[in-house]
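See structure below.
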Amino acid sequence: MSSCYGQVFRVSTWGESHGVGVGVVIDGCPSLVGLTQEMIQHELDRRRPGQSEIVTPRSESDTAEILSGVLDGKTLGTPIAISIRNKDHRSSAYDEMARTYRPSHADFTYDVKYGIRAWAGGGRASARETIGRVAAGAVAKAVLQQAIPGIEITAWVDKIHKVQAQVSWDDAKADIIESNIVRTADTSVVEPMIAAIKEAREAGNSLGGIVKCVVRGCPAGLGDPVFDKLDATLAHAMMSIPATKAFAVGSGFEATNMTGLEHNDPFYMDGETVRTVTNHSGGIQGGISNGEDILMTIGFKPTATLMIDQQTVSSDGKDARLKGKGRHDACVLPRAVPIVEAMAWLCLCDHYLRQCGQRVF
C-alpha cells in the first residue's frame with residue numbers, strides 16, 4: 001500500500017480510523033524552520049470532528065504530539081514524527097460491516113486487493129487518515145512561508161449540492177471563510193448551505209459539492225514540463241483526498257467552449273515582472289507556475305454512508321440489506337477545506353525544494 005507522498009519533502013501517513021491513533025512521518029524538511037505544536041494544532045482544529053452542528057459528532061480533540069525532528073521551536077532537518085491519538089472510537093457501530101459491504105465504500109475493493117481489511121470505521125479508507133496530511137501540511141506551510149514571504153493558500157466551499165456561492169477568486173478572504181461553519185467565502189449562502197446539510201442529514205441522506213482553492217504569491221518556475229507538471233501533481237494531490245471526483249485548473253472544462261484567441265493569456269510587463277492580462281491558465285503554463293494566482297476547483301461526491309436501508313452483498317457472496325450506523329458527516333465539504341489547503345502546501349513545498357536543487361545560480 002502506498003502511503004507516501006512527495007519526492008524531496010516526503011510524507012508517510014499511518015494509522016487506522018478506529019486504531020490506537022493516526023499520524024505522519026515527514027522526511028526531507030529543511031532545518032531551522034520555525035515550527036511549534038500550536039502551528040500544527042491550529043490546522044488540525046479546523047479539520048477535527050465535532051466542531052459544529054453540521055459535522056460528525058465524533059468527539060475527538062485531535063491533539064498533536066511532535067515526537068521527533070523539532071527542538072526549541074526549530075526543525076532539526078531530521079525526520080519529523082507527529083502522532084494523534086484516537087479517543088472516541090466506537091467500533092461496535094461497525095460490527096455488521098465486518099460481513100456486509102457498504103455501498104460505494106472501499107470495503108469490497110479492499111477485500112479483493114488485500115484479502116483482509118480494518119472494517120471498523122473503514123480503516124485506512126476513512127477520512128480520518130487525512131489528519132496526518134493536515135499535520136504535514138502545517139509543516140510544509142511553515143517551510144514555504146519562511147522561504148517565500150507573502151505566499152498564501154486559501155480554500156473555501158463554493159457549492160453544496162444546488163446552493164452556489166457567488167464570489168470571485170480575488171474576493172475570497174480567509175477571515176470570511178473561517179467566520180462561518182460552512183467555510184464559504186460568500187456570507188449570503190451560509191444559511192441556505194446549512195439548511196441543505198441539515199435537511200439531508202435528517203433524511204438520512206448526504207450531499208456533495210465544490211471546493212475552490214487559490215494560491216497567491218507563488219513564484220514562477222515551480223513544476224516540471226512532462227510527467228510531473230505542477231497541475232498534474234496538484235491533481236494527484238487533490239484526487240487522493242477521500243470523496244474527490246473531479247479536479248480542474250484555471251478555466252477547466254470552460255476552456256472547451258472557448259476559442260484559442262479567447263483563452264490565451266497575453267503577457268505584459270509590470271515593472272520588471274512578467275504578468276498576464278488574463279488568467280485562464282490558472283497560474284500554470286507548460287506544467288510550470290508563471291507567477292499568477294494558481295486557481296483550482298475540486299469536486300466532492302456525497303458522503304457514501306447513508307442512514308437509509310440499501311441493497312448490497314455480504315462478504316460470502318449473498319444478497320443483503322444494510323443501513324448505515326455510526327457518526328458521519330452528511331456533507332464533507334466544510335472539513336475538507338483544510339485538507340485541500342494541506343495537500344496544496346505539500347505539493348508546492350515539494351516542488352519548491354526540488355527547484356532549489358535544480359538551479360544553484
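It should be emphasised that the depicted structure is a prediction, and the values quoted were computed from it without experimental measurement. In this chain, residues are counted from 1 in sequence order.
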Subject >> Result of checking Arg46, Arg335, Arg47, Arg133 against Glu341 for salt bridge (charged side-chain N to carboxylate O under 4.0 Å, His left out) >> reply: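 Going through the options one by one, the only one that passes is Arg46.
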Subject >> Short N-O contact, Glu152 and Arg216, less than 4.0 angstrom >> reply: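 Arg216 and Glu152: salt-bridged.
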Original post:
Any Lys/Arg nitrogen of Arg354 or Asp228 sitting under 4.0 Å from an Asp/Glu carboxylate oxygen of the other?
Top reply: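 Here Arg354 pairs with Asp228 in a salt bridge, since their nearest N and O are under 4.0 Å apart.
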Subject >> Ring centroid separation His236 to Tyr5 under 6.0 Å >> reply: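 Yes, ring centres under 6.0 Å apart.
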**OP:** Please step through side chain to side chain contact (heavy atoms under 4.5 Å, CB included) for the pair Ile131 and Val134, ending with a clear verdict.
**Re:** CA-CA 5 Å; Ile131 290 177; Val134 173; 5.9 Å; no
**OP:** Is it possible for you to say whether Ile194 and Trp156 belong to one hydrophobic cluster, with membership spreading through side-chain heavy-atom contacts below 4.5 Å?
**Re:**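 No: no chain of side-chain contacts under 4.5 Å links Ile194 to Trp156.
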Subject >> Joint cluster assignment, Val211 & Ile181, ILVMFWY side-chain distance < 4.5 Å >> reply: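 The answer is yes; both residues are in one hydrophobic cluster.
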**OP:** Enter the distance from Lys141:NZ to Ile153:CD1 here, rounded to the nearest 0.5 Å.
**Re:**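 Rounded to the nearest 0.5 Å, the NZ-CD1 separation comes to 8.5 Å.
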Original post:
Distance from Glu53 atom CD to Ile197 atom CD1, nearest 0.5 Å?
Top reply: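 One finds 9.5 Å between CD of Glu53 and CD1 of Ile197.
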Can you tell me if [X] uses its side chain to pair, donor with acceptor, with the backbone of [Y] under 3.5 Å?
X: Ser31; Y: Gly77; result: no
X: Ser68; Y: Pro79; result: yes
X: Gln41; Y: Asp62; result: yes

Original post:
Going by atom types alone, do Ser168 and Asp171 pair a side-chain donor with an acceptor below 3.5 Å?
Top reply: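 Yes, side-chain donor-acceptor contact under 3.5 Å.
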Subject >> Short side-chain donor-acceptor distance under 3.5 Å, Asp265 and Thr278 >> reply: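 The criterion, which ignores hydrogens and geometry beyond distance, is satisfied for Asp265 and Thr278.
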Original post:
In terms of heavy-atom contacts, does CD of Gln164 have more than 12 from other residues, nucleotides or ligands at under 6.0 Å?
Top reply: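 Counting neighbours around CD of Gln164, more than 12 heavy atoms of other residues, nucleotides or ligands fall under 6.0 Å, so yes.
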Original post:
Has Glu254 got more than 12 heavy atoms of other residues, nucleotides or ligands less than 6.0 Å from its CD?
Top reply: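 Incorrect, the count does not exceed 12.
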**OP:** Please step through side chain to side chain contact (heavy atoms under 4.5 Å, CB included) for the pair Ile82 and Val25, ending with a clear verdict.
**Re:** CA-CA 6 Å; Ile82 302 170; Val25 176; over 6 Å; no
